[in-house]
Each structure stands twice: as structure tokens, then as C-alpha cells.
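Contents: one structure, followed by commentary.
Per chain, numbering begins at 1; letters A, B, ... match sequence-line order.
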Amino acid sequence: MTLHLYDTRRKEKVAFHPAIPGKVQMYVCGITPYSPSHLGHARCYIAFDLLHRWLEASGYDVDYVQNFTDIDDKIIRTANEEGIDFLEVANRNIADYYEVMDALGVLRADYYPRVTEHLEGIISMIEKLIEKEHAYTASDGVWFSVASAPEKFGTLTGNTLDAVQAGGSGRLVESGKKDHHDFALWKAAKPDEPTWDSPWGPGRPGWHIECSAMSLHHFGESFDIHGGGFDLRFPHHEAEIFQSECCTGREPLVGVWMHNGFVRVDGEKMSKSLGNFWTVRDAFNNYDPLVLRYALLNAHYRNPIDVSEQLLDDAKTNQRRLAEGYGQALIAKEEGEALEPLPPLPTPDASSDSYLPKRLGIIEALAEEAARALDDDLNSRIALAKVQAGISSIDETLQSDQIDEYDTASFAKFAVDWIEEIAGDILGVLPEPAIAKAARDPRLDPKRIAVKEEVEALLARRGIARHAKDWAAADEIRERLNEMGITVTDTPDGASWSIKE
RNA sequence: GCACAGGUAGCAAAGCCCGGUUACGCGAUGGACUGCAAAUCCAUUUUACAGGGGUUCGAAUCCCCUCCUGUGCUCCA
């Protein structure tokens, strides 16, 4: 099965064939760093991180470019308010971006070009567009003339020129553009704004041209995949199509246009004005980054996702299940090392009557199903379900008395590899081995070791109280431990305890 | 208004492109276990697809109409 991706332009899933076999050129619109990253960013870059990982796992050599739009009205406004240079604002938020995305397991792109480093390319592109009469100068800058290539209008959205007229009219008076569909390529300098020199006087680039210039710089006249948030389809991405295709004469600019769905909160778009705005760091206060990643991958990337405590709590449960299963396999693998050399595993065969070949067959089939799901427009929801099914099956096998300790040890090695490949390398939702082992066996948790002595002293006293059937005293000690963040669990072998999260 | 998405069991969310069968999970209920809990395990909750027409042996899935929700409709949101 080959990878199929949904193309916004063609409005259908298409078989993915990069222009150069084996290589993928992929460009994803990056952030405008005027404020810390929010959940919408997390969703977008996790979605494209999954694509990045899956393409590489599928054997492609991926060239991934993601820009920073480091000059923009909102950056300038923030800088002026704080009385600092605009680049300071941009750099601060770019640092925040890297930090939170690293925590979310988003692998780095190959290049992170910045607008302020591509003025030359931007200017030469505008010059060419003027030369080809796709753009014109006005007192307030340079504008792209949509009427010079009207057939490109609505490429991604299905909008028509007439339809957009209705909403866009009335704003024409304030600018030098001839037609309200036109958009700025170059903005003439205004007071209190950083400027660059250009053939049209000092000013700065319009919002859309940077992506055209940077993709041209890195990939040339066309490339395989262009991604971004759903809201960027119009005007941003359609503007890119106008600029790039009119400049180079080559079309289409992009093989597959991909757009991820919105993040909503309580059914509405997350926005600062509604007071439902979550930065990624806000989420980190209450949830582990990998839990957030799990939650966002637990819905298909194109569908809207409603972020709620329930969604995150569910993800927490699921991600923990995964961590525990991984921890168990790791522990079993380590225990098995004493038994080396181990026998080779039998050939997997899901239809076998023999226990181990059957289990191996089932688990391998799950991996194939997960791969098929990802090949089908990155259905991460299904892939995660298959992983969970695999975890259950592994758990069952490790505890089974139908295989001896040698086979169990061999199986544990297989299980660790299986989990690390799918849940770790591809989906990126797997914790570090030490954390996973602690999740499975609390005795291995450093935090636990720190309080061990005190807790066990209290439990000893509680044991005496219980033995005397002094339930009041026993419960009082349990409550005291509870306040310390310790959960006590009575078992037939005596009391055990764990640290609450 | 126009455009683009979405409306699936108590919740959440796949499936829709390629009509006929699955989901993972949360919650709930019952049971095992327990001094009581917690955790865990087992079982049950397995004919839901916004509404109305149509096509078909058969539709969540294809066609038509309607309703509801969200987002976009340009560089200032």
C-alpha cells in the first residue's frame, strides 16, 4: 500500500508520489513569533511531525522547511509597547517555540528560514512580478494584481471573486490598491516600524511573499508538500500560489496541500478574546507533554478537535497504559538477560494453534494495520488503537504460563523493539525507559526511594493497628499518608503503596 | 450572503473516498477481591450514525433537499 494524503486543492486523497523518487520536499508554514506558542501550534506541528516521521519511516529522504515570520504588525506592536527591538520579541518567542515543541517530541525541521534573512529573495521576486505585470506600485507599497491571473482565485477554497467582493468591499478607500482582491507584496515604511531598503523605497515585506521566496530558495519552483493550519488556506496559501506561479511560470507550485483542523475549546475556536486561550505551557502545568501529544494524535489531523479536561484525562489514562506496558516489557527483557543465550523466536503465524507463533502473528499483524492506517492519510487514531491492542497482547503474553522463561525473555526483546518502533519512533508518544519502568514498577521510581523509609515506618505502625483491628488508628495513618501524596493499597501479601501524581 | 469543514451509542472518536463485518478508550452497571476503600481482573453496557426523500437485494457510507455548529471571506482581527 502506498501513502495516500488528502490534497486540499484536489479535494481528495491522492497517492503520494514525490517529484524525485525517494525524496520529499516539504514546507510547513511556521509561526509568527509575537506571543508564546499555543495549542493550535501544538496541534499543527505535531501533525506535520507525524508526517515527517512517517515519511522517514517509509524510507523517504525528507527535506523539511519551516519558516519563522519574524516581522509582522503584531511583533512590532509588542516591541513598541515594551520599548524593545522587534527582533528581541521574535527571538524570545522562537526560543519558547523550540522549547515547547522539543518537549512535545516534535523533531526539528531541516531548516528554519526567517523573513528577515530573505529580504533579497523577496525583493527580487517582487521585481519579477512587477516586470511580468502581475504587480504594481502605489504610494503605500507594491500590490499583487489578482485580476492578472483570475483563474487562480479560489484554488484551495472554492471562493469566487464575486463572492469575496461582498465581504471585502468598503476597505478599499484606505489603501493604494486598485482592486480589493489585491494583496500587499511590499508595504511602504510607516513611523515606528523597522524598514529595509528596496527599489520602492524603505518598507517591509507583505505577509504572504516570504513563504514564496523561502520555498523558492530552498526547493526551487515547485515542491511536494505544503502544510499549515486550515485557516491559512485563504488568503495566505492562495496568495502564495499567485505569487510563486506568476513569478516562475511553473505550476502547480505544490504537489499536495495539507491543512490541519482547528483546535476548539468548548466548541468554539480558541482565541484570546474569548478567554479560552491555552498556551502550550498552560497545558504543561497540568499535563505531561507526551499526554498532550497523545491527546492531539488521538483525533484525525484534519478534523476539528475540542480540547477539554476530559480529552486530556482520557489521553493521560491511555498514555499511562502505554507507558506501563512498555515498562513491563523492559523489565522482562532485563530479567531475561540473565538467561542468555536465548532461543530464537518461532515464525509468527496468527493462524497457528501453537501459542507463541500465534501471539507473534497477532502482534505483527497489528503493526501492519497501524502502518496501513498511517498510509491512509495519517490516521493516527487508528494507529494508536492498534498500538494499544498490541500492548494488551504483549502484556498477556508476558504473563502467560504457556511459555517458559526462556521464550518469555526472547519475546520481551521482540516486544520492546515492537513498542519502541511504533509508539516511539513513529508516533512519538513513548516515555523514556526509566520513566516507563517506574510507571510499571513503582519500586524503581527515584521519587519513591526518597520517601521510602518514612512511609514504611508509618505502614508498619498501621499494620500493627490493623492487626489489633483498630480501624480508626489504621485509617488515620492511611489518611496521613494520603496527605503526603501516598496511596496505600492493601493486598493479601500486606500493604503496598504508590505515589499519587 | 458566499465558501469550506463538521453533525456517529452516556462521553469521546474511527469508519464515509473503495455500500454488506471490526474499533482503542473513558464513563456506567454487575461480579471476584477487601474490615472499608483503592487498584486490578472478569463480565455487561455490542444494531449509534442530525432530519426528510431517493438509488440499491442491502446505506452511516452514493444522490437530492432541509436543519444545526464551526471557520474563512485579505495584509488593521
Let's see if you can work this out: which of [options] has an atom nearest to the side-chain heavy atoms of [X]?
{"X": "A:R264", "options": "B:A37, B:G70, B:G25", "answer": "B:G70"}
{"X": "A:D73", "options": "B:C4, B:C76, B:G25", "answer": "B:C76"}
{"X": "A:Q310", "options": "B:G72, B:C4, B:C11", "answer": "B:C11"}
{"X": "A:Y6", "options": "B:G35, B:U74, B:A5", "answer": "B:A5"}
{"X": "A:T317", "options": "B:C26, B:C4, B:C76", "answer": "B:C26"}

Salt bridge (charged side-chain N to carboxylate O under 4.0 Å, His left out) with A:R204: which residues, sequence neighbours excluded?
->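 Here the qualifying residues are A:D73, A:E193.
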[X] bridged to [Y] by N-O distance under 4.0 Å:
{"X": "A:K190", "Y": "A:D140", "result": "no"}
{"X": "A:R480", "Y": "A:E476", "result": "no"}
{"X": "A:D49", "Y": "A:R53", "result": "yes"}

So does A:R77 reach the base of B:C76 with its side chain, donor to acceptor, closer than 3.5 Å?
->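 When only heavy-atom distances are counted, A:R77 does not reach the base of B:C76 through any donor-acceptor pair under 3.5 Å.
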Closer than 4.0 Å, any side-chain N/O of [X] to the OP1 or OP2 of [N]?
{"X": "A:R466", "N": "B:A37", "value": "no"}
{"X": "A:K386", "N": "B:C24", "value": "no"}
{"X": "A:R321", "N": "B:C26", "value": "yes"}

Have a look at A:M125 and tell me which of A:I130, A:I209, A:L185 forms a side-chain contact (heavy atoms from CB on, under 4.5 Å) with it.
->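 The option that passes is A:I209.
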Touch check for A:N159, heavy atoms < 4.0 angstrom, all strands: base, sugar-phosphate only, or nothing?
->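 It contacts base atoms.
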Dot-bracket pairing map - RNA chain B, Watson-Crick plus G-U, both contacts under 3.5 Å, | cross-strand | ((((((((.[[...)....(....]]((((((.......))))))....[[[[[..)....]]]]])))))))....
For nucleotides 13-19 of chain B, just jot down a letter per nucleotide in 5' to 3' order: B, S or -, based on protein non-hydrogen atoms under 4.0 Å.
-> SSS-B--
